[in-house]
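Below: one structure, written as structure tokens.
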Amino acid sequence: MPVPPDLFARVALDTPLTTLFDYRVQYTGHGEPPIVPGQLVQVPFGRRQVVGVVWEMTQRSEVPSQKIRSLEIAWRELPPLPADWRALMEFAARYYQRALGEVALPALPTHLRSAARWPRLLAERGARHFRLDPRGESALLASLPARAKARRRLAEGLCAAGTLDADEARALCAQAPELLHQWAAQGWVIVENTDADDYADAAAPLEVAAAPRLTDEQQAAFEAIDAALRREDAAPAPFLLHGVTGSGKTEVYLHAVAAALLHPGAQVLVLVPEINLTPQLEQVFRRRFPKETLATLHSGLAEGERARHWLAAHRGRARIVLGTRLAVLASLPHLRLIVVDEEHDPSYKQQESLRYSARDLAVWRAHQRGIPIVLGSATPSLDSWRRAQQGRYRLLTLRERASPDAVLPEVRLIDLQREGQAQRALEDGLAQPLLGAVAQRLARGQQSLLFLNRRGYAPVLACDACGWISGCPRCSAHLVLHKSERRLRCHHCGLEAAIPRACPDCGNLDLAPLGRGTQRIEETLARRFPNARIARIDADSTRRKGSAQALFDEVHAGAIDILVGTQMVAKGHDFRNVTLVGVINADAALFSHDFRAGERLFSQLMQVSGRAGRAGQPGEVLIQTRYADHPLYAALLRHDYAGFAAGQLAEREQASLPPFTHQALLRAEARALAVALEFLQTARDLGQTPELASAQVTLYDPVPMTLVRVANSERAQLLVESPSRPALQQFLSGWVARLRDTKTAARWYLEVDPLDI
DNA sequence: AGCACGCCGACT
DNA sequence: GTCGGCGTGCTC
């Protein structure tokens with residue numbers, strides 16, 4: 001009898017080490033592969049047992065044979081993670097310069113990363129038939145401790161009968177389903193008809209509720225997407241759906257989703273920027289599509305629920321997956337359409353661990369699968385806008401608000417310079433015309449929304465006498481006064497302190513809050529309008545789970561007259577009775593060092609303006625500013641995104657900024673700034689050695705970050721730039737490989753396509 | 001990244 | 001005498 005060749009599984013594990021790890025796999029006999037790529041496995045790794053993903057199978061290993069351990073536990077009942085998911089992980093790892101396992105494993109819900117939880121996740125799914133694999137019989141019986149009577153009864157019953165169904169098994173042992181799934185992971189038991197029912201109803205036609213008629217513009221946009229859905233020959237160019245708030249982008253999405261789901265078993269991925277927006281959109285989708293077809297994925301779900309929804313997507317049961325950026329990493333074997341709502345939103349970029357852009361990965365994913373993707377926004381990112389101008393994306397435009405009685409709001413500026421050299425004309429930051437407009441809405445029984453992107457009472461507390469200010473001891477930032485919680489808080493490191501009664505330096509009792517946050521505006525309004533019902537929505541007032549929804553519900557129910565809020569209120573919510581939007585302090589962003597500040601401000605103001613006047617009532621937007629002739633405001637008054645974008649793009653091109661160049665940042669932090677800077681300087685020197693240097697790639701000098709110190713660690717960064725993305729990518733991969741071998745006390749990471757520099 | 005092993009200070 | 005500080009070395 002011929003000796004079977006060796007067989008190894010090459011497994012991705014969650015470690016920064018860039019290699020795959022080889023494990024020996026036993027043949028099972030009949031020639032069928034015992035383990036396949038994409039399977040989840042548990043393997044010994046050093047002292048511990050860890051979960052990994054099998055990436056490939058091989059008959060040869062480079063690793064010395066005595067080091068190789070055996071793979072025993074595999075989640076054989078779970079369909080393997082599909083090839084396109086693995087390709088996405090490979091791309092993300094390559095693009096963001098991380099180890100494969102560092103990308104692939106965090107993409108899974110944590111419950112799937114603990115083999116101890118697999119049996120229960122499987123047992124939840126109800127009745128099954130279990131068959132003994134005769135080759136597993138002795139191992140199974142040997143694995144049982146003498147005292148485990150019930151388990152032994154079950155094992156012996158199974159060995160005697162050969163097969164058991166779930167009820168018979170449960171009669172022998174109460175935990176039968178879990179145990180049998182556990183034994184299946186060991187390869188001793190085969191679970192039958194696991195997937196037969198998973199896809200059964202996925203192929204049945206979907207019942208879609210009646211949809212409203214589309215406007216001509218919506219119809220044209222839908223038809224373009226629908227045509228792309230029908231063509232199967234080539235990967236369609238991404239669609240950029242540009243439509244002002246209220247123009248009915250959502251209805252276009254819904255029609256496109258319905259069209260995509262006409263394909264039996266097809267799946268659709270819908271991304272939204274923030275958790276807050278999922279319940280609202282979820283409701284819209286639930287009204288249109290059968291409940292059981294929809295699964296949500298976001299970090300607000302309990303872990304068990306997240307695992308179940310993820311598995312529903314992976315098994316093809318969930319036809320519509322609605323979620324935040326992490327949903328782009330889900331396994332969706334029958335994906336046919338992707339929608340990215342508010343594609344410009346910075347929340348799509350993860351700002352920790354793997355710093356990926358969900359929007360960019362979604363575009364890659366659609367291209368790789370050859371399916372349509374719709375990027376929707378009232379104020380597209382300049383990146384996407386430029387691609388549309390170049391013809392690389394297909395632009396679909398909705399010029400008008402969908403409902404004929406909803407007209408664009410009138411945007412006016414309140415010129416604070418003219419309003420008064422007189423600071424007195426400002427009542428605690430609120431100009432008289434704005435207060436007058438609020439009073440008018442109160443009289444008419446309409447709602448007002450005041451937008452201020454700064455939470456807390458005041459951004460800093462200061463001593464009039466000696467000039468002391470409330471600095472954070474651990475960060476180069478101010479402690480923010482939170483009056484209602486009676487605390488000083490650092491918004492960067494989370495440090496909290498009591499409000500001092502007197503100046504810590506000179507003992508002066510007059511400590512003055514400087515500047516204004518949402519709490520202070522709320523207080524001013526309460527004083528000025530004692531009978532008005534005022535609510536504040538920001539990260540502080542919505543800390544408890546569900547409280548954001550509760551506050552929004554109150555606003556919708558008309559129980560609130562004046563709503564004060566940060567950008568949380570700007571996104572997505574339709575406030576039917578809001579006819580006034582006031583923007584309190586937007587100017588700061590006009591002169592920011594960050595070249596994207598203007599782009600962000602414009603889209604924020606455009607978005608918050610869109611809250612005004614939606615249900616047949618004309619809306620008014622009042623913006624307080626000291627720079628009334630700034631071109632950004634001029635464009636805003638005209639509702640002229642295209643004009644604004646053209647201006648910005650011209651400036652960016654002139655200055656060779658993104659999207660006309662591509663960037664990456666190497667960031668380092670250490671207890672002492674010098675250590676971080678020194679590491680970056682070494683990295684820069686390394687990058688300029690002939691072996692790595694490229695004529696197309698520029699390395700700038702290491703510089704301290706604007707906010708140097710956060711939580712007692714000092715930070716610096718080094719900018720890398722290239723007009724060519726491939727050249728940048730090639731440089732980065734060689735560079736990072738060398739950096740990994742560099743010894744340093746600094747913590748460092750690379751950020752590709754940074755949003756703020 | 002974990003998680004070991006390993007070799008020097010203040011404590012029951 | 002040992003509990004524990006974090007230096008360096010490995011994980012198929």
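Since this is a predicted model, take the numbers as computed values, not measurements. Proteins come first, then strands; the chains are lettered A, B, ... in the order of their sequence lines, and each starts at number 1.
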Margin query: Under a 4.0 Å threshold between the charged nitrogen and the carboxylate oxygen, would A/R489 count as salt-bridged to A/D540?
Written below: yes

Notebook entry, point to check: Base, sugar-phosphate alone, or nothing: which one does A/P44 contact when heavy atoms must sit under 4.0 Å apart?
Noted result: sugar-phosphate

Check: Contact class for A/Y23 vs. all strands (heavy atom < 4.0 Å): base, sugar-phosphate, or nothing?
Finding: sugar-phosphate

Note to self: Between P on C/dC12 and CG on A/L7, what's the gap in Å once rounded to a whole number?
What the structure shows: 18 Å

Item checked: Under 3.5 Å: donor-acceptor pair, side chain of A/R709, backbone of A/P473 -> yes

Note to self: Side chain of A/V63 only, heavy atoms from C-beta on: which candidate in B/dC3, C/dC12, C/dT8 is closest?
What the structure shows: C/dC12

Notebook entry, point to check: Under 3.5 Å, side chain of A/E102 to main-chain N/O of A/A99, donor-acceptor pair present?
Noted result: yes

Next item on the list: Quickly work out the A/D14 CG to C/dC12 C1' distance and round it to whole Å.
Entry: 16 Å

Note to self: For the residue pair A/S381 / A/D383, report whether a side-chain donor-acceptor contact shorter than 3.5 Å exists.
What the structure shows: no

Notebook entry, point to check: Taking atom P of C/dC12 as reference, at what distance in whole Å does atom CD of A/E56 sit?
Noted result: 18 Å

Next item on the list: Please determine, for the side chain of A/K67, which listed nucleotide (B/dC5, B/dA1, C/dC12) has the closest atom?
Entry: C/dC12

Check: C/dC12 phosphate, OP1 or OP2: any side-chain N/O from A/R69 under 4.0 angstrom?
Finding: yes

Item checked: Among C/dC12, B/dC5, C/dT11, the one nearest A/L17 by side-chain distance -> C/dT11

Next item on the list: Side chain of A/P16 only, please: which of B/dC3, B/dA1, C/dC12 is the nearest?
Entry: B/dA1

Next item on the list: Could you check which of B/dG2, C/dC12, C/dT8 has an atom nearest any side-chain atom of A/K743?
Entry: C/dT8

Check: CZ of A/R24 versus C1' of C/dC12: gap in Å, rounded?
Finding: 10 Å

